[in-house]
Every structure is written in structure tokens, then in C-alpha cells.
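These numbers come from a predicted model, not from an experiment. As a basis for the values below, the full set of heavy atoms in this structure was taken, side chains included, without hydrogen atoms, waters or symmetry mates.
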Amino acid sequence: QVQLVESGGGSVQAGGSLKLSCAASERPYSRSVMAWFRQGPGKEREFVALTRWRGGSEFYADSVKGRFTISRDNPKNIVYLQMDSLKVEDTGVYYCARGSQYTSDHLAYDAWGQGTQVTVAS
């Protein structure tokens, strides 16, 4: 089973930026879908963004579209989430996940990282 490790979380003022990384212990198989989810305080886990490991087909939640960018470094087995123009409501634990279906449903993902905390202050 692939291991996923997130990093890059922290505290930032509203309007600032952070870049999260998700390092996979092994190369995801070519048809993998890599995604980011988040869970805010007292909220359910929600979809943020996804991409196909082999490239292209990025998809974003409406709440982050135009502000967040998901990308990959295939040789390094890393998926990134560049977060710009951060808002207080972006606060939460951000999780990286791997699945085989192109979907925003977290139940379809079978490998998860431990999460990294993002706190956006007003």
C-alpha cells in the first residue's frame, strides 16, 4: 500500500499563500487519481482538488477555483497544492489521497496521508 505524507501546512494571514506537498512512497500507478481534501473545525471532510497522475484533467471545488492549483512532479512522486488568496474559511486539516476513480467522493479513495494543518487568520 502506498504511503502518502503531506507537508507545508502552517499559519498565514488572510490573502496569503501556502504550498502543500504530498510525497508518495512509491510511484502511483498510471491511472491513479490524486486528490486533496480538507476538514475544517466541526465540519465534514470536503473535496478540494484532483488530478490524474498521468497528467491533465484537473478539477476543483467551486470554493477554491481560481485560487488553488494542483500539480504533479512525476519523477519525484509528489503532488502539490498551491493555495493563493487564502481565506479564513480555508482553515482546516488538508489531506492527500489516492484513488482509481475520477471523482470528488472521498469514499472512492483508498490511500490517505495523515494530514497537515492550515490556519488562516483574519
Has [X] got a side-chain atom pairing as donor or acceptor with [Y]'s backbone, closer than 3.5 angstrom?
{"X": "Thr116", "Y": "Ser7", "result": "no"}
{"X": "Arg98", "Y": "Ala111", "result": "no"}
{"X": "Tyr102", "Y": "Ser57", "result": "yes"}
{"X": "Glu46", "Y": "Gly40", "result": "no"}
{"X": "Tyr80", "Y": "Thr69", "result": "no"}

- request: Identify, with sequence neighbours excluded, every residue that meets salt bridge (Lys or Arg N to Asp or Glu O under 4.0 Å) alongside Arg52.
  value: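 Salt bridge (Lys or Arg N to Asp or Glu O under 4.0 Å) list for Arg52, sorted by chain: empty.
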
field: Partners meeting salt bridge (Lys or Arg N to Asp or Glu O under 4.0 Å) with Glu89 (sequence neighbours left out)
entry: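 Partners of Glu89 under the salt bridge (Lys or Arg N to Asp or Glu O under 4.0 Å) test: none.
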
Grouping I, L, V, M, F, W and Y whenever their side-chain heavy atoms are under 4.5 Å apart, do [X] and [Y] come out in a common cluster?
{"X": "Val120", "Y": "Val48", "value": "yes"}
{"X": "Ile70", "Y": "Val33", "value": "no"}
{"X": "Leu81", "Y": "Val118", "value": "yes"}
{"X": "Val64", "Y": "Tyr94", "value": "yes"}
{"X": "Trp36", "Y": "Phe47", "value": "no"}

Grab the two heavy atoms, one from [X] and one from [Y], that are nearest each other, plus how far apart they are.
{"X": "Glu26", "Y": "Val2", "answer": "CG-CG2, 3.7 Å"}
{"X": "Val5", "Y": "Gln114", "answer": "CA-OE1, 3.8 Å"}
{"X": "Tyr60", "Y": "Ala49", "answer": "CD2-CB, 3.6 Å"}
{"X": "Ser17", "Y": "Ser85", "answer": "OG-N, 4.3 Å"}
{"X": "Ala24", "Y": "Leu4", "answer": "CB-CD2, 3.8 Å"}
{"X": "Ala108", "Y": "Thr103", "answer": "CB-CG2, 3.4 Å"}

message: Applying side chain to side chain contact (heavy atoms under 4.5 Å, CB included), can you list everything that pairs with Gln3, at least two apart in sequence or on another chain?
response: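 Gln3: side chain to side chain contact (heavy atoms under 4.5 Å, CB included) contacts with Ser25.
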
field: Over 12 non-hydrogen atoms of neighbours within 6.0 angstrom of CD in Gln1
entry: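 For Gln1, atom CD is crowded (more than 12 foreign heavy atoms under 6.0 Å).
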
[Y] side chain reached by [X] side chain, heavy atoms, under 4.5 Å:
{"X": "Lys76", "Y": "Ser21", "result": "no"}
{"X": "Arg72", "Y": "Arg54", "result": "no"}
{"X": "Leu20", "Y": "Glu6", "result": "no"}

Return the [atom1] to [atom2] distance between [X] and [Y], rounded to the nearest 0.5 Å.
{"X": "Ser100", "Y": "Asp110", "atom1": "OG", "atom2": "CG", "answer": "6.5 Å"}
{"X": "Thr51", "Y": "Met34", "atom1": "OG1", "atom2": "CE", "answer": "9.5 Å"}
{"X": "Glu44", "Y": "Gln39", "atom1": "CD", "atom2": "CD", "answer": "8.0 Å"}
{"X": "Trp112", "Y": "Arg45", "atom1": "CH2", "atom2": "CZ", "answer": "4.5 Å"}
{"X": "Trp53", "Y": "Asn74", "atom1": "CH2", "atom2": "CG", "answer": "4.5 Å"}
{"X": "Leu50", "Y": "Ser32", "atom1": "CG", "atom2": "OG", "answer": "12.5 Å"}

Gln117 and Thr91: CA distance, side-chain angles, deciding distance, side chain to side chain contact (heavy atoms under 4.5 Å, CB included) verdict: CA-CA 8 Å; Gln117 176 70 45; Thr91 294; 4.1 Å; yes

- prompt: Are Asp62 and Lys65 close enough for a salt bridge, meaning some N to O gap below 4.0 Å?
  reply: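 Salt bridge flag = yes for Lys65 with Asp62.
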
query: Under 30°, 30 to 60°, or over 60°: which ring-plane class applies to Phe37 and His106, parallel, tilted or perpendicular?
result: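 Because their plane-to-plane angle is over 60°, the rings of Phe37 and His106 count as perpendicular.
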
